[in-house]
There are 2 protein chains.
Amino acid sequence: MLAIGTLSQRTGVKVPTIRYYEEIGLLAPPGRSAGGQRRYGADDVARLRFIRHARDLGFGLEAIRSLLDLAAHPDRFCAEANALAMAQLRDVQARVARLRRLEGELQRIVAACDGGHPAAECGVLDALADHDGCTGPH
Amino acid sequence: MLAIGTLSQRTGVKVPTIRYYEEIGLLAPPGRSAGGQRRYGADDVARLRFIRHARDLGFGLEAIRSLLDLAAHPDRFCAEANALAMAQLRDVQARVARLRRLEGELQRIVAACDGGHPAAECGVLDALADHDGCTGPH
DNA sequence: CCTTGAACCTCTAGTCCCTAGAGGAATTAG
DNA sequence: CTAATTCCTCTAGGGACTAGAGGTTCAAGG
């Protein structure tokens, strides 16, 4: 049986975060030692690693809850898991597209000023004040 | 003089958000009508547009506060504005890089399952449970 | 067996940037 | 003048944690 700190080390999830996951019902309340401390088993390690991995991939906790639910019922069909992963992929792709536009605007803005002027002539401040100078929408 | 709703329309910032910006000191408390409603002028439109644009570009409110402060002192040098914009650019670039790695992993994961299996054989669920299958770190 | 120090416990509050709703007052168009 | 719309303040919530206070339990060394 593992203490919470050991579970934390084995999964890379911080101790308060583990307790938070328990609080919101993502992790089942574990057994306790005689003195009342949490004790975890191998199942908890696997479950928490799953959560960690999905979080790293940008899934929200509600999506993760659905995925875990699905994984707990191996006889159900996994169309939902597929749909969740596809939604996540589309979300990531949309964010990349948006960030790349921002990157372009920021490069333009940074190039407008080398930092050596009085603020009155600063290209950065001008660019922020004037959206019309932007190449596209954001 | 503009009512808060008109200011909202002209800047694209929602009414509660404008009040929130006032509360945190990003926008000066405006004058009031006889009945106590906020009345804004052209300066407020410009300032709020500046804020909106910087938010759209992903700047945090504290960075925006610094930028506005700088813009209010046209005699100061703008090295700080330049530094803030560069920091923001680097931040955006780092996020893009990370999201592109995620995109790759997600594509691999989505390809592992067409949604037509029982959950026990689902490639998506397997991939989430097993980080070692991933191409790179995330 | 006892002591020490690390790790654990609960609880509250804070982060960021808003968003939503309740209950009521002011304004504006007809 | 009335009715509809907008405005006011105040409180609470959300996502996903993070930080801190004040106190308890555990494991290892002597």
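Below, each value reflects all heavy atoms present in this structure, side chains not excepted, and no hydrogens, waters or symmetry copies. A note on names: the letters A, B, ... follow the listed sequences, proteins ahead of strands, and every chain is numbered from 1.
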Trainee: Between B:Gly36 and B:Gly60, which is nearer to the 5' end of DNA chain C once each is assigned its nearest nucleotide?
Mentor: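 The residue whose closest nucleotide sits nearer the 5' end is B:Gly60.
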
Trainee: Would you say the side chain of B:Cys78 lies within less than 4.5 Å of the side chain of A:Val124, judging by non-hydrogen atoms?
Mentor: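 No; the side chains remain at least 4.5 Å from each other.
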
Trainee: Distance check needed: D:dT6 C1' versus B:Leu7 CG, whole Å only.
Mentor: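 Atom CG in B:Leu7 sits about 14 Å away from atom C1' in D:dT6.
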
Trainee: Starting at the 5' end of DNA chain C, which residue's closest nucleotide do you reach first, A:Arg38 or B:Ala34?
Mentor: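 The residue mapped nearer the 5' terminus is A:Arg38.
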
Trainee: Need two values: the first and the last nucleotide of DNA chain C, 5' to 3', having an atom under 4.0 Å from any heavy-atom of chain B.
Mentor: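 Extent of the interface on DNA chain C: C:dC17 to C:dT27.
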
Trainee: Rounded to the Å, how far apart are A:Ile4 CD1 and D:dT25 C1'?
Mentor: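 Spelled out: CD1 on A:Ile4 to C1' on D:dT25 is 14 Å.
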
Trainee: Rounding to a whole Å, what distance do you find between B:Glu23:CD and D:dT9:P?
Mentor: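 Between P of D:dT9 and CD of B:Glu23: 10 Å.
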
Trainee: Quick one, A:Asp130 with B:Arg49, criterion salt bridge (Lys or Arg N to Asp or Glu O under 4.0 Å). Give me CA distance, side-chain angles, the key distance, then yes/no.
Mentor: CA-CA 8 Å; A:Asp130 178 23; B:Arg49 280 207 176 123; over 6 Å; no

Trainee: Take the protein atom CD1 of A:Ile24 and the nucleotide atom C1' of D:dC17, then report the distance between them rounded to whole Å.
Mentor: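 That distance rounds to 10 Å.
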
Trainee: Measure from CZ on A:Arg55 to C1' on D:dT18 and round the result to the nearest Å.
Mentor: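 Distance, rounded to whole Å: 14 Å.
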
Trainee: Between B:Val15 and A:Glu62, name the one whose nearest nucleotide on DNA chain D is closer to the 5' end.
Mentor: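 Per heavy-atom nearest nucleotide, the more 5' residue is B:Val15.
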
Trainee: Rounded to whole angstroms, how far apart are CZ on A:Arg19 and C1' on D:dT18?
Mentor: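 Roughly 12 Å, once rounded to whole Å.
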
Trainee: Without hydrogens or angle criteria, can the side chains of B:Arg90 and B:Gln88 be said to hold a donor-acceptor pair below 3.5 Å?
Mentor: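 No.
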
Trainee: Do A:Ile109 and B:Leu57 have side-chain heavy atoms sitting under 4.5 Å apart?
Mentor: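 A:Ile109 reaches B:Leu57 side chain to side chain.
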
Trainee: Are A:Met1 and A:Leu27 joined in one hydrophobic group, where the rule is that I, L, V, M, F, W and Y side chains link up if heavy atoms are under 4.5 Å apart?
Mentor: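 A:Met1 does not cluster with A:Leu27.
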
Trainee: Atom NZ of A:Lys14 to atom P of D:dC17: distance rounded to whole Å?
Mentor: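 Value for this atom pair: 10 Å.
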
Trainee: Taking only the side-chain heavy atoms of A:Tyr20 (C-beta and beyond), determine which of D:dC17, D:dT25, D:dA27 contains the nearest atom.
Mentor: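 Among the listed nucleotides, the one closest to the side chain of A:Tyr20 is D:dC17.
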
Trainee: I need the full list of side-chain hydrogen bond (donor to acceptor under 3.5 Å, both in side chains) pairs touching residues 4-25 of chain A, with sequence neighbours left out, sorted by first then second residue.
Mentor: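 Residue pairs with at least one partner in residues 4-25 of chain A: A:Glu22-A:Arg38.
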
Trainee: Using the rule given for side-chain hydrogen bond (donor to acceptor under 3.5 Å, both in side chains), can you reason through A:Gln93 versus A:Arg95, listing the C-alpha separation, both sets of side-chain angles and the distance that settles it, and then say yes or no?
Mentor: CA-CA 5 Å; A:Gln93 284 170 338; A:Arg95 287 201 309 219; over 6 Å; no

Trainee: How long is the line joining CG of A:Leu2 and P of D:dA27, in whole Å?
Mentor: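 Checked: the CG to P distance equals 12 Å.
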
